[in-house]
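For reference, the structure is listed below as structure tokens.
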Number of protein chains: 2
Amino acid sequence: MDTSGSELSVLSAALKGAGIRMTHQRIEVFSELQASHGHPSVTEIYEGVRKRLPSISPDTVYRTLRLFSELGLIIPHSSTSSVTRFDVNVHEHHHFVCTRCSRIFDFTSSSIDPLEVPREAESFGEVQGVQLEVRGICRDCLRRERTQEE
Amino acid sequence: MDTSGSELSVLSAALKGAGIRMTHQRIEVFSELQASHGHPSVTEIYEGVRKRLPSISPDTVYRTLRLFSELGLIIPHSSTSSVTRFDVNVHEHHHFVCTRCSRIFDFTSSSIDPLEVPREAESFGEVQGVQLEVRGICRDCLRRERTQEE
DNA sequence: GCCCAGATAATAATATTTCTTATCTAGGAT
DNA sequence: ATCCTAGATAAGAAATATTATTATCTGGGC
Ligand SMILES: [Mn+2]
Ligand SMILES: [Mn+2]
Ligand SMILES: [Zn+2]
Ligand SMILES: [Zn+2]
């Protein structure tokens, strides 16, 4: 659970650079993330931090993880938006996922299709499908953010 | 909102093949999916179907979409599991996502890395990252399902 | 040490998804 | 066509996940 000083300096630099305070809560959430394996859920981080900061609230963990995502310290896995969405198009295609509004855009690509499954992926189990997932900020969100900057 | 007969025959075949009943609710959810664009959420499907079947319950929509996913008529986008997960590893890597237990496994691939962003994806906005997402059933889930079949 | 904008804890509220149970119905048997 | 029942649904409660509100607290510049 103890995070090395070099890792903490990453947090320190990121927060200082954005003019954001270095709080106990943020340090502990960051440490918990570093100590975690795989792709931790909010609850897992919350329960871990709670052992050292028993009074921390779930809200703070949510807020902090959102902040860290904005700072690029962590990456939310796919749609953070808490609604399940379905793809009616079952043919092979790829996705551009907007990290702001979480809309999903389809595309195919002449340069990479048909996309083959890397050997490394097959060792995990039975493959059902493979697709490219491009994360980014969509045109609409870019325009909206530029407008607000004025 | 009206679905062509040929599309409905896909539903009919899928249900009959699995020995599952063809109900009003399933037909309307299926039609709504066909009429939808993009990647509809459960609520969007529910609201749409409700115009024609005012008494349908959210539970039935959830249940039906889960069934359709199992039949391969639709594909749930990424982790259907309703918990947000974060990637602490911000370096470029790829994912194997288990469609049963929704666990996520990391991998890199000498054959495709570094992965470049297809030209077609750049038109949607500002690209932040790209990764391969392999969907499948992990070893643990495969073993568990084989055991239960006895 | 003082100060206060920014951050947090507690709590309530909202949103999403699943469970329980009584009722209903699709479709095979008669 | 009617009967029958396993499977399906509706309604409502419950469990989870997430966000909003507000009073209180604190990091860090002075
Ligand atoms: Mn798609
Ligand atoms: Mn990962
Ligand atoms: Zn967007
Ligand atoms: Zn699995």
Side-chain angles (χ1 to χ4, degrees), chain A residues 8 11-30 32 39-71 74 76-86 100-102, chain B residues 8 11-30 32 39-71 74 76-86 100-102:
Chain A
L8 259 186
L11 174 65
S12 175
L15 294 182
K16 211 161 284 179
I20 290 174
R21 289 183 189 165
M22 184 104 166
T23 65
H24 285 155
Q25 291 85 345
R26 283 168 182 158
I27 290 169
E28 292 300 339
V29 168
F30 184 82
E32 190 67 31
H39 304 82
S41 65
V42 180
T43 303
E44 283 162 11
I45 297 299
Y46 172 64
E47 292 300 338
V49 171
R50 212 142 79 105
K51 290 172 189 158
R52 280 158 287 131
L53 276 187
S55 69
I56 197 171
S57 72
D59 183 50
T60 295
V61 177
Y62 275 99
R63 204 170 350 92
T64 302
L65 291 174
R66 217 158 26 199
L67 171 68
F68 287 178
S69 297
E70 282 161 17
L71 294 175
I74 55 177
H77 184 257
S78 290
S79 71
T80 302
S81 108
S82 57
V83 297
T84 305
R85 293 188 172 277
F86 294 89
R100 293 284 189 277
C101 65
S102 78
Chain B
L8 259 187
L11 174 65
S12 175
L15 293 183
K16 210 161 286 179
I20 290 173
R21 289 184 190 166
M22 183 104 165
T23 65
H24 286 155
Q25 290 86 347
R26 283 168 182 159
I27 290 169
E28 291 300 338
V29 168
F30 184 82
E32 190 67 30
H39 305 82
S41 67
V42 181
T43 304
E44 282 162 11
I45 296 299
Y46 172 63
E47 292 301 339
V49 171
R50 212 142 79 105
K51 289 172 189 157
R52 280 158 289 132
L53 276 186
S55 69
I56 197 170
S57 71
D59 183 50
T60 295
V61 176
Y62 276 100
R63 204 170 351 93
T64 302
L65 292 173
R66 216 159 26 198
L67 172 68
F68 286 177
S69 298
E70 282 162 17
L71 295 175
I74 56 177
H77 184 256
S78 289
S79 73
T80 302
S81 110
S82 55
V83 298
T84 305
R85 293 187 172 277
F86 294 90
R100 293 285 189 276
C101 64
S102 77

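Order of the sequence lines fixes the chain letters, A, B, ..., with proteins taken first and strands second; residue numbering starts at 1 for each chain.
Looking at every heavy atom in both residues, Ile45(A) comes nearest to Pro40(A) through CD1-CB, 3.8 Å. Listed here is the closest heavy atom pair of Ile56(A) and Tyr46(A): O-CE1, 3.5 Å.
Residue Thr84(B) has a polar side-chain atom (N or O) positioned under 4.0 Å from OP1 or OP2 of dT18(D).
Comparing the axis of the opening five pairs of the helix from dG1(C)-dC30(D) to dT30(C)-dA1(D) with that of the closing five pairs yields an angle of 30°, rounded to 10°.
Regarding Arg50(A), its CZ atom lies at a distance of 17 Å from the P atom of dT8(C), rounded to whole Å. In this structure, Arg66(A) atom CZ and dG6(C) atom P are separated by 17 Å, rounded to whole Å. Here the C1' atom of nucleotide dT18(D) and the CZ atom of Arg85(B) are 16 Å apart, to the nearest Å. At whole-Å resolution of the value, CG in Leu15(A) and C1' in dA7(C) are 12 Å apart. Glu28(A) has its CD atom 16 Å from the C1' atom of dT26(D), to the nearest Å. Distance Tyr62(A) OH to dA13(C) P: 19 Å, rounded to the nearest Å. The CG-P distance, from Leu65(A) to dA17(D), rounds to 14 Å in whole Å. Here dT16(C) presents its P atom at 13 Å from OH of Tyr46(B), a figure rounded to the nearest Å.
Evaluation of the side-chain contact (heavy atoms from CB on, under 4.5 Å) rule for Ala13(B) yields no partner, not counting sequence neighbours. Residues forming a salt bridge (Lys or Arg N to Asp or Glu O under 4.0 Å) with Glu47(B) (at least two apart in sequence, or on another chain): Arg50(B). Not counting sequence neighbours, the partners of Arg63(A) by the side-chain contact (heavy atoms from CB on, under 4.5 Å) test are Asp59(A), Thr60(A), Arg66(A).
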(request) Heavy atoms under 4.0 Å is the rule here; annotate nucleotides 6-14 of chain D 5' to 3' with B where the base is hit, S where only the sugar-phosphate is, and - elsewhere. (result) BBSBBB---

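For the pair Pro58(A) and Val42(B), nearest-nucleotide mapping onto DNA chain C gives the more 5' position to Pro58(A).
Applying side chain to side chain contact (heavy atoms under 4.5 Å, CB included) to Leu67(B) and the options Ile20(B), Val29(B), Ile74(B) leaves one that passes, Ile20(B).
Screening residues 13-27 of chain B for side chain to side chain donor-acceptor pair (under 3.5 Å) gives no qualifying pairs among residues at least two apart or on separate chains.
Checked by atom type and distance alone, the side chain of Arg85(B) pairs as donor or acceptor with a backbone atom of His39(A) at under 3.5 Å.
Looking at Leu11(B) and Phe68(B), their side chains come closer than 4.5 Å, going by heavy atoms from C-beta outward.
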